[in-house]
Amino acid sequence: MAKKGKREIGEEYLKNLRPSKLDEYIGQEKVVENLKITIRAAKERGEPLDHILFHGPPGLGKTTLAYCIANEMGADIVASSGPTLERPADLVGILTNLKKGDVLFIDEIHRLPRIVEEFLYPALEDYRITILLDKGPHARSLNINIERFTLIGATTRIGLLTAPLRERFGIFHHLDFYPDSELIEIIKRSARILGVDIDGGGAEVIAGRSRGTPRIANRLLKRVRDYAQVKHDGGITGEIALDALKMTGIDELGLDGLDRQYLEVIIENYKGGPVGINAIGATLNEEVDTLIDVIEPYMLKTGLIGRTSRGRVALEPAYRHLGITPPRDIEKQLSLLDMDEEEKD
Ligand code: ADP
């Protein structure tokens with residue numbers, strides 16, 4: 001019996017919510033349209049694709065696109081990530097095994113150690129790697145040719161990429177948050193795959209609290225599904241979704257406990273800012289990277305906070321959202337904002 005249970009759990013996980021073809025990919029229309037042209041042109045010429053860099057907040061579909069591209073090219077894909085590639089040796093096996101046109105996907109590519117990054121340069125440009133056979137004055141090196149592959153990099157922090165690495169990509173695409181209408185489509189598609197009944201109202205409630213992010217939409221859908229199954233007959237309506245999400249502590253804007261604490265720290269501990277990100281991290285006892293990558297992008301996008309040369313400021317909607325009266329001179333915060341939204345951290 002135990003075995004059967006295990007297999008059932010396994011099957012549940014196999015219900016993959018990730019689209020595998022560009023035609024199944026919802027939203028990001030411009031990016032998808034451009035990619036289709038790039039892929040078609042490369043295929044017609046019988047050439048591998050140029051190296052591609054996707055940037056944008058987590059959970060928006062960068063990894064998914066990499067898999068779709070490999071699929072469309074009929075190529076194999078090897079997935080890795082910046083922090084796990086610690087030494088050049090970690091890449092030798094991967095690179096020498098790639099066939100012509102295969103895709104090497106490196107997530108969080110901004111976290112690639114410098115020594116690995118430098119090892120990668122000739123692989124990207126000349127499809128060649130150099131291996132040191134010895135150490136010291138008599139060190140010998142060996143050049144190995146590798147097949148023409150395509151690197152697809154993904155990053156949440158394009159500002160942290162070094163110029164030489166950035167220059168080796170031929171194609172750049174930025175992924176932005178999804179409007180609710182697209183999230184509704186994604187939620188309906190996922191519900192179909194999971195075999196859950198959901199009405200328009202249910203999908204709308206979940207979409208509205210997903211912070212423009214498909215990964216969050218899928219996660220909330222699964223939580224609401226549990227609630228609907230245990231407390232009701234399994235179907236998801238707007239009302240059921242609202243009740244379920246209330247229990248998980250996610251508010252109307254999709255903010256959870258940590259998001260609200262972050263806003264409270266700026267407003268209450270630092271009088272609305274400007275306050276440096278390190279000070280916020282220290283007060284919250286939270287990793288600064290998590291704040292920058294996960295918490296802030298949606299708040300910046302929706303105007304809850306702003307970035308200035310001296311740190312973060314809370315904007316009027318943040319006060320209103322927390323039920324705190326904004327200071328009379330709140331408008332002043334707007335004049336401090338940086339116009340340039342590129343990463344500076
Ligand atoms: P990222 O690499 O940007 O962090 P992922 O590609 O891992 O994001 O996407 C997170 C999840 O969201 C995926 O498992 C996938 O199911 C879902 N997803 C992302 N983009 C889409 C999309 N455009 N259409 C449908 N589902 C999507």
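We count ligands from 1, going down the list as the structure has it; atoms in each ligand are counted the same way.
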Within 6.0 Å of CD in Glu204, more than 12 heavy atoms from elsewhere = no

Under 3.5 Å side-chain donor-acceptor pair for Thr155 and His110 |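 There is such a pair (donor and acceptor under 3.5 Å, judged by atom type) between the side chains of Thr155 and His110.
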
Does Asp102 use its side chain to pair, donor to acceptor, with the backbone of Lys99 at less than 3.5 Å?
->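 Answer holds: yes.
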
[atom]: which protein heavy atom is closest, and how many Å away?
| atom | value |
| --- | --- |
| atom 4 (O) of ligand 1 | Gly59 N, 2.7 Å |
| atom 27 (C) of ligand 1 | Pro214 CB, 3.8 Å |
| atom 17 (C) of ligand 1 | Asn218 ND2, 3.6 Å |
| atom 8 (O) of ligand 1 | Gly61 N, 3.1 Å |

Among the heavy atoms of [X], does any lie under 4.0 Å from an atom of ligand 1?
| X | answer |
| --- | --- |
| Gly27 | no |
| Tyr178 | yes |
| Ala154 | no |

State the CE-CG distance between Met299 and Leu253, to the nearest 0.5 angstrom.
->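 One gets 9.0 Å once the value is rounded to the nearest 0.5 Å.
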
Output the distance between atom CD (Glu268) and atom CG (Leu263), rounded to the nearest 0.5 Å.
-> 10.5 Å

Using distance alone, determine whether [X] and ligand 1 share an N or O pair under 3.5 Å.
| X | value |
| --- | --- |
| Ile26 | yes |
| Pro19 | no |
| Pro58 | no |
| Thr64 | yes |

Can you list the ligand 1 atoms lying under 4.0 Å from a non-hydrogen atom of Leu17?
-> 16 (O)

Find out whether Leu194 and Arg225 are in side-chain contact, i.e. whether some heavy atom of one side chain is under 4.5 Å from a heavy atom of the other.
-> yes

In terms of the angle between their ring planes, are [X] and [Y] parallel, tilted or perpendicular, with boundaries placed at 30° and 60°?
| X | Y | value |
| --- | --- | --- |
| His174 | His55 | tilted |
| Tyr178 | Tyr25 | tilted |
| His232 | Tyr227 | tilted |

Compare Asn16, Thr63, Asp293, Leu22 and give the one whose heavy atom is closest to atom 2 (O) of ligand 1.
-> Thr63

Measure from atom 10 (C) of ligand 1 to every heavy atom in Arg215, Gln28, Arg219 and give the option owning the shortest one.
-> Arg215

With a 3.5 Å cut-off and sequence neighbours excluded, list the donor-acceptor pairs that the side chains of residues 274-287 form with protein atoms.
{"from": "Thr283", "atom 1": "OG1", "to": "Tyr270", "atom 2": "OH", "distance (Å)": "2.8"}
{"from": "Thr283", "atom 1": "OG1", "to": "Ala279", "atom 2": "O", "distance (Å)": "2.7"}

Between Leu175 and ligand 1, which part of the residue brings a heavy atom under 4.0 Å of the ligand: side chain, backbone, both or neither?
-> neither

